[in-house]
J.: 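Once you've had a glance at the structure underneath, I'll fire off some questions.
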Amino acid sequence: RSNYEKVVSLGTLYVEPLLVFHNEKDVVRLSELKGKRIAVGREGSGTRLLSLHILSNNGIMPGGSTPLLDYEGEEAATELLENRIDVAFMMGDSASYTTTRKLLRNPKLSLYSFAQADGYVRRNSFLNRLELPRGTYDFGLDIPSHDVDLIGPSVELVARKGLHPALCDLLIEAAKELYA
């Protein structure tokens, strides 16, 4: 029996965007990153799971000609800024506001805009389309300087089946306070 059969969703908390930073020019499709050094997150992380899935949608597979590396968060940012990798997939805790802002402010880097966001969402029902509006990170410096199309999964609050309903209600109330 799978672990998914042992849990129930108490609701969606938020949508977590997948951020793809790169030092390449004019990347329109992720398939153009074949052969580049790509940080996909640590083994067992949600970032890695999603990154590998999205890359496989583009013909980039583990064990192929594209180096898929275990860096995430600040370590991935450092590797990218020092040109030891070409691309970094980030989300959740690995993409802290400070790390994201540092990468967005670097003129040598770009945040990938998913021009095919609607297609990703159509083919991967667990994904959502998001938009990062122009100026979100810095109005004065106009960062980002254009709207950026993103994709990301919903983050669900889950509990094991059979958890007492009163405890479920308390968990939902606590989540509302944290994520409202």
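Keep in mind that this is a model prediction, so the values were computed, not measured. Every heavy atom of this structure was used, including side-chain atoms; hydrogens, water molecules and symmetry mates were not.
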J.: Could you check whether any side-chain N or O of Asp138 sits under 3.5 Å from a backbone N or O of Leu141, counting only pairs where one atom can act as donor and the other as acceptor?
T.: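 Yes, because the side chain of Asp138 sits within donor-acceptor range (under 3.5 Å) of the backbone of Leu141.
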
J.: Taking the side chain as everything from C-beta on, heavy atoms only, tell me whether Pro67 gets closer than 4.5 Å to Ile38.
T.: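 No, every pair of side-chain atoms sits at 4.5 Å or beyond.
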
J.: First locate atom SG of Cys168, then atom CZ of Arg160, and finally report the distance between them rounded to the nearest 0.5 Å.
T.: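 Between Cys168 SG and Arg160 CZ, I get 9.0 Å after rounding to 0.5 Å.
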
J.: Any heavy-atom pair between the side chains of Asn23 and Lys108 that's under 4.5 Å?
T.: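 A side-chain contact under 4.5 Å is absent here.
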
J.: Measure up the Tyr137 and Tyr97 rings against each other and bin them: parallel (under 30°), tilted (30 to 60°), perpendicular (over 60°).
T.: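 Geometry flag for Tyr97 against Tyr137: parallel rings.
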
J.: Work out which heavy atom in Ala175 is nearest to a heavy atom in Leu157; give both atom names and the distance.
T.: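 Ala175 and Leu157 have their closest heavy atoms at CB-CD2, 3.9 Å.
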
J.: Kindly work out whether a path of hydrophobic side-chain contacts (I/L/V/M/F/W/Y, heavy atoms less than 4.5 Å apart) joins Tyr120 to Val40.
T.: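 In one cluster with Tyr120: Val40, yes.
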
J.: Just checking Phe139: does its CZ atom have more than 12 heavy atoms from other residues, nucleotides or ligands closer to it than 6.0 angstrom?
T.: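 Count not over threshold, so no.
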
J.: Hydrophobic clusters here meaning ILVMFWY residues chained together by side-chain heavy-atom distances under 4.5 Å, can you tell me if Ile54 and Tyr71 are in one?
T.: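 Hydrophobic grouping puts Ile54 apart from Tyr71.
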
J.: Taking atom CG of Asp26 and atom CD of Glu32, what is their separation to the nearest 0.5 Å?
T.: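 Those atoms lie 9.0 Å apart.
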
J.: Is there a donor-acceptor pair under 3.5 Å between the side chain of Glu82 and the backbone N or O of Glu79?
T.: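 Looks like no, no N/O pair under 3.5 Å.
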
J.: Run the numbers on Lys161 and Lys6 for side chain to side chain contact (heavy atoms under 4.5 Å, CB included), then give the verdict.
T.: CA-CA 6 Å; Lys161 281 186 179 178; Lys6 298 176 184 177; 5.9 Å; no

J.: Could you tell me whether the side chain of Ser154 reaches within less than 4.5 Å of the side chain of Asn128, counting heavy atoms only?
T.: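 In contact.
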
J.: Do Leu55 and Phe114 land in one hydrophobic cluster if side-chain heavy atoms of ILVMFWY residues count as linked below 4.5 Å?
T.: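 Yes; Phe114 is reachable from Leu55 via cluster members.
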
J.: Specify the closest pair of heavy atoms between Lys34 and Asn58, including all atoms of both residues, with the distance to one decimal.
T.: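 Distance-wise, the nearest heavy atoms are CE-O, 3.8 Å.
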
J.: Closer than 4.0 angstrom, basic N to acidic O: yes or no for Arg42 and Glu75?
T.: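 Looking at Glu75 together with Arg42, the answer is yes, because their closest N to O distance falls below 4.0 Å.
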
J.: Quick one: CD1 on Ile143 to CG on Leu103, what's the gap to the nearest 0.5 Å?
T.: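 The distance works out to 11.5 Å.
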
J.: Do you know the tightest heavy-atom contact between Arg134 and Ser145?
T.: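 Minimum heavy-atom contact is NE-O, 3.3 Å.
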
J.: Contact between Pro62 and Leu52 at the side-chain level, heavy atoms closer than 4.5 Å - yes or no?
T.: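 A side-chain contact under 4.5 Å exists here.
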
J.: As an exercise, state the distance from CD of Glu131 to CG of Leu150, rounded to the nearest 0.5 Å.
T.: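 One finds 9.0 Å between CD of Glu131 and CG of Leu150.
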
J.: In this structure, are over 12 heavy atoms from other groups packed under 6.0 Å from Arg122 atom CZ?
T.: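 No, CZ of Arg122 has 12 or fewer neighbouring heavy atoms, counting only those of other groups under 6.0 Å.
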
J.: Between Ser51 (side chain only) and Thr47 (backbone N and O only), is there a donor and an acceptor less than 3.5 Å apart?
T.: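 Flag set: sc Ser51 to bb Thr47 pair under 3.5 Å.
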
J.: What pair of heavy atoms forms the shortest contact from Ser94 to Glu72, and how long is it?
T.: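 Minimum heavy-atom contact is CB-CB, 4.1 Å.
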
J.: May I have the list of side-chain donor-acceptor pairs in residues 7-14 shorter than 3.5 Å, sequence neighbours left out?
T.:
residue	atom	partner	partner atom	Å
Ser9	OG	Gly11	N	3.2
Ser9	OG	Glu156	OE1	2.6
Thr12	OG1	Glu156	OE2	2.7

J.: Report yes or no: does Ser113 contribute a side-chain atom to a donor-acceptor pair with the main-chain N or O of Val148 at less than 3.5 Å?
T.: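 Not confirmed, Ser113 side chain does not pair with Val148 backbone.
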
J.: So do the side chains of His22 and Leu80 get within less than 4.5 Å of each other, counting heavy atoms only?
T.: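 No; the side chains remain at least 4.5 Å from each other.
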
J.: Aromatic ring centroids of Tyr112 and Phe21 under 6.0 Å?
T.: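 No: the rings miss the under 6.0 Å criterion.
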
J.: Indicate the atoms forming the closest heavy-atom contact of Thr99 with Ala77, along with that distance.
T.: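 Looks like CG2-CB, 3.7 Å.
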
J.: Going by heavy atoms in the side chains, are Lys102 and Asn106 under 4.5 Å from each other?
T.: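 No, their side chains stay 4.5 Å or more apart.
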
J.: Looking at side-chain heavy atoms only, is the closest gap between Thr100 and Met90 below 4.5 Å?
T.: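 They are not in contact (no side-chain heavy atoms under 4.5 Å apart), so the answer is no.
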
J.: If you group Ile, Leu, Val, Met, Phe, Trp and Tyr by side-chain heavy-atom gaps below 4.5 Å, do Leu109 and Leu104 land in one group?
T.: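 Yes, one cluster joins them.
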
J.: Salt bridge check, Arg37 against Asp86: does any charged N sit closer than 4.0 Å to a carboxylate O?
T.: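 Yes, this pair counts.
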
J.: Would you give the length of the straight line joining atom CZ of Arg29 to atom CG of Leu33, rounded to the nearest 0.5 angstrom?
T.: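 The CG atom of Leu33 is 10.5 Å from CZ of Arg29, to the nearest 0.5 Å.
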
J.: Indicate the atoms forming the closest heavy-atom contact of Ala76 with Ile85, along with that distance.
T.: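 Heavy-atom minimum between the residues: O-CD1, 3.6 Å.
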
J.: Just do the side chain to side chain contact (heavy atoms under 4.5 Å, CB included) check on Thr78 and Arg84 with the steps written out, would you?
T.: CA-CA 9 Å; Thr78 299; Arg84 290 192 290 261; 4.1 Å; yes

J.: Hey, mind stepping through Leu19 and Phe89 against side chain to side chain contact (heavy atoms under 4.5 Å, CB included) and telling me if it holds?
T.: CA-CA 6 Å; Leu19 304 176; Phe89 281 71; over 6 Å; no

J.: Would you sort out whether Phe126 and His53 count as a ring-ring contact (aromatic ring centres under 6.0 Å, His included), showing the intermediate values?
T.: CA-CA 12 Å; Phe126 59 91; His53 180 79; 5.4 Å; yes

J.: With clusters defined by side-chain heavy atoms of hydrophobic residues (ILVMFWY) lying less than 4.5 Å apart, directly or transitively, does Leu50 cluster with Leu68?
T.: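 Same cluster.
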
J.: So do Leu18 and Val20 actually touch side chain to side chain, heavy atoms under 4.5 Å?
T.: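 In contact.
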
J.: Measuring from Glu177:CD to Ile172:CD1, what's the distance to the nearest 0.5 Å?
T.: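 The CD atom of Glu177 sits 13.0 Å away from the CD1 atom of Ile172.
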
J.: Restricting to pairs with a member in residues 47-70, which pass salt bridge (charged side-chain N to carboxylate O under 4.0 Å, His left out), not counting sequence neighbours?
T.: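 Those involving residues 47-70 are Glu43-Arg48, Arg48-Asp70.
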
